[in-house]
K.L.:
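Sharing a structure, written as structure tokens. Questions coming.
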There are 2 protein chains.
Amino acid sequence: MTKYGKKILEIVSASHSHMTAEEIFAALRQTYPTVVLATVYNNLNRLWQEDLIRKVSVEGMPDRYDRIQRHDHLVCKRCGKLLDIDLGDLTAQLEKKAGISILSYDLKLTYLCDDCRKKTERKGM
Amino acid sequence: MTKYGKKILEIVSASHSHMTAEEIFAALRQTYPTVVLATVYNNLNRLWQEDLIRKVSVEGMPDRYDRIQRHDHLVCKRCGKLLDIDLGDLTAQLEKKAGISILSYDLKLTYLCDDCRKKTERKGM
DNA sequence: AATAAATTTAGAATAATTCTAAATTGGTGT
DNA sequence: ACACCAATTTAGAATTATTCTAAATTTATT
């Protein structure tokens, strides 16, 4: 594990904000001002392959990186805001239903956040 | 609903192959040879906003479009191959656990497909 | 120290998607 | 049928995220 990989893992693991590569890049430069963006992508891909971080893709947004600790996500359909939520570990239940063994699963609930619900109501939609 | 929107909805609804915008574009041109790609994106976004089609994003791949009929997905961690699987409707269970009402949910199981498992074994990983 | 292997760098390249502004189309009401 | 307004389409440029390439640097190995 290289110094960049280590630090990037630290940044992503500590964050609860689903950072983009750019944001991670910015955070990493606080410590290593000369690092380049390609290095961030290299390391993120490596860490992801090694199952040390998660990738979260929300349609139409840049990929986000997330700590590995299991949890689920809540995405607002309208504004795309992404929140953590924990619905417990469904692995056993899902494996049983699917009849295969899985490495992991991603569960994303789509809803309307409070702000967007208000806006929607105002417009009478 | 315009003629393009209608046809695009038809194409996506009939397909079980999680088409990309480019693939949908190609299919649409069979019927309307002069249509441009931007129109495909416009319509896909519209149809998605109206909940007539689904968007599926797999990390590192272009967005794919899917029929709305509920079903889940199986993604190979190594090669990215995307398959349909149906684990039944978990909406009620998830809403109860989450304590909110949701519009929909996306469930993606990550596994190693047979081909990739074989390759992995061969390499002793 | 010498060699090999992995990582980083710089910057170009690619690919997906969005944006802009003009042109076209599809109703609506008269 | 005609004028009007809104929505859609078009063409092509622009943007953004990400990957790629080849050289340089760092790290580990003999």
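All chains are named by letter (A, B, ...) in the order of the sequence lines, taking the proteins before the strands, and each is independently numbered beginning at 1.
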K.L.:
Distance check: side-chain N/O of B/Thr2 vs OP1/OP2 of D/dA7, anything under 4.0 Å?
P.N.:
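It does not, given that no N or O in the side chain of B/Thr2 lies less than 4.0 Å from OP1 or OP2 of D/dA7.
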K.L.:
With a 4.0 Å cutoff (strictly under), does any side-chain N or O of B/Arg64 reach OP1 or OP2 of C/dA16?
P.N.:
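Result: no.
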K.L.:
Answer yes or no: is there a donor N or O on one side and an acceptor on the other, between the side chain of A/Lys108 and the main chain of A/Ser57, under 3.5 Å?
P.N.:
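Looks like yes, one N/O pair under 3.5 Å.
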K.L.:
Look only at the side chain of A/Arg78 and the backbone of A/Asp115, and say whether a donor-acceptor pair between them is shorter than 3.5 Å.
P.N.:
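Checked: no pair found.
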K.L.:
OP1 or OP2 of D/dT8 less than 4.0 angstrom from a side-chain nitrogen or oxygen of B/Arg46, does that happen here?
P.N.:
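For D/dT8, OP1/OP2 do have a side-chain N/O of B/Arg46 under 4.0 Å.
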K.L.:
Rounded to whole angstroms, how far apart are CD on A/Gln49 and P on D/dT19?
P.N.:
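Rounded to the whole Å, the gap is 11 Å.
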K.L.:
Side chains of B/Arg46 and B/Tyr4 only: does a donor on one sit below 3.5 Å from an acceptor on the other?
P.N.:
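No donor-acceptor contact under 3.5 Å links the two side chains.
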K.L.:
Calculate the interatomic distance between B/Lys6 atom NZ and D/dT8 atom C1'; express it in whole Å.
P.N.:
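Roughly 16 Å, once rounded to whole Å.
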K.L.:
Whole-Å distance between C/dG26 C1' and B/Met1 CE?
P.N.:
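One finds 15 Å between C1' of C/dG26 and CE of B/Met1, rounded.
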K.L.:
Measure the OG-CG distance between B/Ser104 and A/Leu109 for me, rounded to the nearest 0.5 Å.
P.N.:
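Here the rounded value is 8.5 Å.
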K.L.:
Write down the protein N/O and nucleotide N/O pairs, taken from nucleotides 23-25 of chain C, whose separation is under 3.5 Å; answer none if there are no such pairs.
P.N.:
none

K.L.:
When you check the side-chain N and O atoms of A/Asp66 and A/His73, is any donor under 3.5 Å from an acceptor?
P.N.:
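There is such a pair (donor and acceptor under 3.5 Å, judged by atom type) between the side chains of A/Asp66 and A/His73.
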K.L.:
If you take all heavy atoms of A/Leu37 and A/Phe25, which pair is closest and at what distance?
P.N.:
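That would be N-CE1, 3.5 Å.
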K.L.:
Parallel, tilted or perpendicular, judged at 30° and 60°: which one describes the rings of A/His71 and A/His18?
P.N.:
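The arrangement is tilted - the two ring planes meet at 30° to 60°.
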K.L.:
Over how many whole Å does the gap from A/Ile8 atom CD1 to C/dT7 atom P extend?
P.N.:
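Interatomic distance, CD1 of A/Ile8 to P of C/dT7: 12 Å.
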K.L.:
Counting heavy atoms from C-beta on, name the nucleotide in D/dT19, D/dT10, C/dT8 closest to the side chain of B/Tyr4.
P.N.:
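Nearest to the side chain of B/Tyr4 among the choices is D/dT10.
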K.L.:
Would you indicate whether the side-chain heavy atoms of A/Ile11 and A/Lys7 approach each other to under 4.5 Å?
P.N.:
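In contact.
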K.L.:
Taking CG from B/Asp63 and P from D/dT16, how many angstroms apart are they, rounded to a whole number?
P.N.:
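Spelled out: CG on B/Asp63 to P on D/dT16 is 17 Å.
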K.L.:
Within less than 4.0 Å of OP1 or OP2 of D/dT18, is there a side-chain N or O belonging to A/Tyr41?
P.N.:
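True: A/Tyr41 side-chain N/O within range (under 4.0 Å) of D/dT18 OP1/OP2.
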K.L.:
Of all the heavy-atom pairs spanning A/Leu9 and A/Leu52, show the shortest one and how long it is.
P.N.:
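Looks like CD1-O, 3.6 Å.
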K.L.:
With sequence neighbours left out, which residue pairs that include part of residues 34-67 of chain B fulfil the ring-ring contact (aromatic ring centres under 6.0 Å, His included) condition?
P.N.:
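Checked against ring-ring contact (aromatic ring centres under 6.0 Å, His included) - neighbours excluded - no pair reaches residues 34-67 of chain B.
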K.L.:
Pick base, sugar-phosphate or nothing for B/Asn42, based on heavy-atom distances below 4.0 Å to the nucleic acid.
P.N.:
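Base, at least one base atom sits under 4.0 Å.
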K.L.:
Can you check the B/Asn43 CG to C/dT18 P distance for me, whole Å?
P.N.:
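My rounded result for the distance is 13 Å.
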K.L.:
Could you tell me the separation between the CE atom of A/Met61 and the C1' atom of C/dA16, rounded to a whole number of Å?
P.N.:
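In whole Å, C/dA16 C1' and A/Met61 CE are 16 Å from each other.
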K.L.:
When all nucleic acid strands are considered with a 4.0 Å heavy-atom cut-off, which category describes A/Asn45: base, sugar-phosphate, or nothing?
P.N.:
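A/Asn45: backbone/sugar contact only, no base atoms under 4.0 Å.
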K.L.:
Output the rounded distance in Å from CG (A/Leu9) to P (C/dT7).
P.N.:
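Value for this atom pair: 15 Å.
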K.L.:
When you measure from every atom of DNA chain C, which of residues 10-40 of chain A have a heavy atom less than 4.0 Å away?
P.N.:
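By residue number: A/Thr34, A/Val35, A/Val36, A/Ala38, A/Thr39.
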